[in-house]
Enquirer: 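First, the structure itself, so that you have it in front of you.
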Amino acid sequence: YGYPAVDMIGFSFAPILLATPGGVDPLAAVARGESVPATDVRCSGRNGKVIEVRLTVSPVHADGRLVGATIIGRDVTATREAERRLREGE
């Protein structure tokens with residue numbers, strides 16, 4: 001998405017999360033200690049462009065307490081655009 005790792009490690013993902021289709025809020029789920037399997041969301045890239053991202057979010061616990069989360073995201077914008085073109089061509 002254009003953000004260097006040093007800018008994201010230890011910082012909240014919330015400011016770049018724009019939309020969560022289907023009403024799934026991955027950040028709220030992880031705050032409840034729940035894992036979120038692969039979920040497609042829209043995010044703001046560093047250049048301001050909206051991108052589609054597949055997120056997997058998992059809580060991190062220490063001594064039985066929620067202390068953070070791991071967030072793994074993959075830009076799926078090109079894949080989603082190709083799928084839309086295929087559907088429109090049918």
Enquirer: Are the charged groups of Glu81 and Arg87 less than 4.0 angstrom apart, N to O?
Expert: no

Enquirer: Through direct or indirect side-chain contacts below 4.5 angstrom among Ile, Leu, Val, Met, Phe, Trp and Tyr, which residues connect to Val67?
Expert: Val60

Enquirer: If you look at every heavy atom in Val53 and Gly73, which pair is closest and at what distance?
Expert: CG1-CA, 3.9 Å

Enquirer: Just jot down the side chain to side chain donor-acceptor pair (under 3.5 Å) partners of Arg65, sequence neighbours excluded, or say none.
Expert: none

Enquirer: Looking at Leu66 and Pro59, what are the two nearest heavy atoms and their distance?
Expert: CD1-CB, 3.4 Å

Enquirer: Distance check, rounded to the nearest 0.5 Å: Asp40 atom CG versus Thr79 atom OG1?
Expert: 9.5 Å

Enquirer: Apply side-chain contact (heavy atoms from CB on, under 4.5 Å) to the pair Leu55 and Ile71, showing each step before the final yes or no.
Expert: CA-CA 7 Å; Leu55 285 183; Ile71 301 174; 3.7 Å; yes

Enquirer: Let me check something: any side-chain donor-acceptor pairs from residues 24-37 under 3.5 Å, sequence neighbours excluded? List them with distances.
Expert:
residue: Asp25; atom: OD1; partner: Leu27; partner atom: N; Å: 3.1
residue: Asp25; atom: OD1; partner: Ala28; partner atom: N; Å: 3.2
residue: Arg32; atom: NE; partner: Glu34; partner atom: OE2; Å: 3.1
residue: Arg32; atom: NH2; partner: Glu34; partner atom: OE1; Å: 3.2

Enquirer: May I ask you to decide whether Arg54 forms a salt bridge with Asp75, counting only side-chain N to carboxylate O separations under 4.0 Å?
Expert: no

Enquirer: Going by side chain to side chain donor-acceptor pair (under 3.5 Å), name the residues that satisfy it together with Ser58, two or more places apart in sequence or in a different chain.
Expert: none

Enquirer: Is any NZ, NE, NH1 or NH2 atom of the basic residue among Glu83 and Arg80 found under 4.0 Å from an Asp or Glu carboxylate oxygen of the other?
Expert: yes

Enquirer: Apart from Val50 itself, what residues make up its hydrophobic cluster, given side-chain heavy atom links below 4.5 Å?
Expert: Leu18

Enquirer: Find the distance between SG (Cys43) and CD (Glu52) and round it off to the nearest 0.5 Å.
Expert: 10.0 Å

Enquirer: Test of understanding: with salt bridge (charged side-chain N to carboxylate O under 4.0 Å, His left out), list the residues that count as partners of Arg42, not counting sequence neighbours.
Expert: none

